[in-house]
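Letters A, B, ... are given to chains in the order of the sequence lines, protein chains preceding strands, and every chain is numbered from 1.
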There are 2 protein chains.
Amino acid sequence: MPAVSKAKPAPNGRGRRAARASGDERERAILETAERLLEERPLSEISVDDLARGAGISRPTFYFYFPSKDAVVLTIIDRLVAAAADSREEALKMLAAGEPRAGLRQALEDLYGAFRSRRAVSLAAAELRMTNPEARELWSQVMEGWVADTAAVIEAERTRGTAPPGQPARDLAIALVQMNERVQYATFTEEAPSLDEDRVLDVLVDIWLRAIYGTAEPS
Amino acid sequence: MPAVSKAKPAPNGRGRRAARASGDERERAILETAERLLEERPLSEISVDDLARGAGISRPTFYFYFPSKDAVVLTIIDRLVAAAADSREEALKMLAAGEPRAGLRQALEDLYGAFRSRRAVSLAAAELRMTNPEARELWSQVMEGWVADTAAVIEAERTRGTAPPGQPARDLAIALVQMNERVQYATFTEEAPSLDEDRVLDVLVDIWLRAIYGTAEPS
DNA sequence: CAAGCCTATCAACGGTGTGTCGAGAAGATC
DNA sequence: GATCTTCTCGACACACCGTTGATAGGCTTG
């Protein structure tokens, strides 16, 4: 991969140029085309040519704006992730101050909503993660954020004496966060065994509560 | 796709011919090459040519034995799934008769082991699921099997009075089974936040027990 | 304003991978 | 030994990728 022209050292790390003037519109057109096409078919069935044509330019010109198809999708995912991070902060405030059940429900609901509202992008992220290390890294950071927050909440509840001891808080957090990811993904794709859109949060909240606050002493 | 010669109507539905004599060895060679290469790199970085050369034949000859790279991997996954299904039956016997904690632990351990012992194939299955409908369908059936069994166990425990009521048994089962899939996948790939090989079962068993047998009444 | 310099564009090329077609070789079977 | 079946591959057509080099317009700036 030869240098991406010299240019200014890209404000965003994603490798697309700074972009100015009319080129800005083109760049937006590419991103919008990508989002539009992702509503229709999976990432693997979208070519660079599709993106270029959709944005009204030729394939080589596409490469003037983005170094690859993956870079386009990563830019889109970046935005989704940023939006979801805001949701997370909101949710944590609510959780920190009070009622566990209501707070947790609100938190998981916001999170679910953030991805539900951009279903196609969420699915593309999962697809890209399979083949693209950068996407893997990005998603890792996202997961790590939620795990850290969740672990902190669990620790706090245990210290407060409202939650009983058990598995290490971080381990519990990892499993719960990963459960949410998988269950939500299944719901989005409506794959074979999956939870209904309107049941998924009830079930997840219940498991979180039992895992965090419950003790299981089967007779 | 023109008819696969006429031949006998393939014993297996996967679309490869019945194969006889020396062709049998070739077919095995292809499958073994695929498994070997999957230990080294992801499915997306293996070409039909790699498989052909690995089996000592040319690319066109490969197509005499399998209609595509995907078909090879599906055949391999088929076998893994069959082996795992055996594990499942074993595990259920143990669960049906007695101690929930020990039984459940044993069940999840067997399941984990079945996929752990063929880590590369398990990861390839996950990768293929993203792009191949047939792989998706196959995996769906696998998940459905475990969900059905798990739901049955939960129902039974509730009827026996050993487990309290709660979310519908099937919904609970779906979330738990999907959690296991995701958590185990993360452990296999050692991705960013993931559970240690030797902690993963402790954590999963604990969550299952709390989700099934526990009630959560946060103060 | 002419000379230079960025931004933006694309035709054409070379490369990799896929799947098919048609022409055979090699070994049974009649 | 003629024929059929199994098995093999060279050569092709196609799709997609990423790069090169040439060009055209705008915006400085001396």
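Taking only side-chain atoms of B:S58, from C-beta outward, the nucleotide of C:dT18, D:dC9, D:dT8 with the closest atom is D:dC9. Nearest to the side chain of A:S68, among D:dG18, D:dC9, C:dT18, sits D:dG18. Distances were taken from every side-chain heavy atom of B:R59 (C-beta onward) to each of C:dT9, C:dT18, D:dC9; the shortest belongs to C:dT18. For B:P60, taking side-chain heavy atoms from C-beta onward, the closest of the listed nucleotides C:dT20, C:dA8, D:dC7 is C:dT20. Checked against C:dT18, C:dT7, D:dT8, the side chain of B:R26 finds its nearest nucleotide in D:dT8. Among the nucleotides C:dC10, D:dT8, D:dG18, the one closest to the side chain of A:V48 is D:dG18.
Distance A:F64 CZ to D:dG18 P: 18 Å, rounded to the nearest Å. Going from atom CD of B:E25 over to atom C1' of D:dC7 covers 13 Å, rounded to whole Å. When rounded to the nearest whole Å, the span between CD of A:E45 and P of D:dC17 equals 13 Å. Spacing between atom NZ of A:K69 and atom P of D:dG18 amounts to 9 Å, rounded to whole angstrom units. What separates CG of B:D70 from P of C:dG17 is a distance of 16 Å, to the nearest Å. If you take CG of B:D49 and P of D:dG10, they are 11 Å apart, rounded to a whole angstrom. Atom CD of B:E27 and atom P of D:dT6 are 14 Å apart (whole Å). One atom, CZ of B:F62, and another, P of D:dC9, lie 14 Å apart when rounded to the nearest Å.
The phosphate of D:dC7 (OP1 or OP2) has no side-chain N or O of B:Y63 nearer than 4.0 angstrom.
A donor-acceptor pair under 3.5 Å links the side-chain atoms of A:Q178 to the main chain of B:P193, judged by distance alone.
Classification of the B:W139-B:W146 ring pair by plane angle, with boundaries at 30° and 60°, yields perpendicular.
Under the 4.0 Å criterion applied to side-chain N and carboxylate O atoms, A:E191 and A:R182 are assigned as salt-bridge partners. Salt-bridge formation is not detected for the pair A:R36/A:E32: no Lys NZ or Arg NE/NH1/NH2 atom is positioned less than 4.0 Å from an Asp or Glu carboxylate oxygen.
As judged by a 4.0 angstrom heavy-atom cut-off over every strand, A:T61 is placed among the base-contacting residues.
Summarising the geometry of A:E127 relative to B:M130, their closest heavy-atom pair is CA-SD, 3.7 Å, with the distance given to 0.1 Å.
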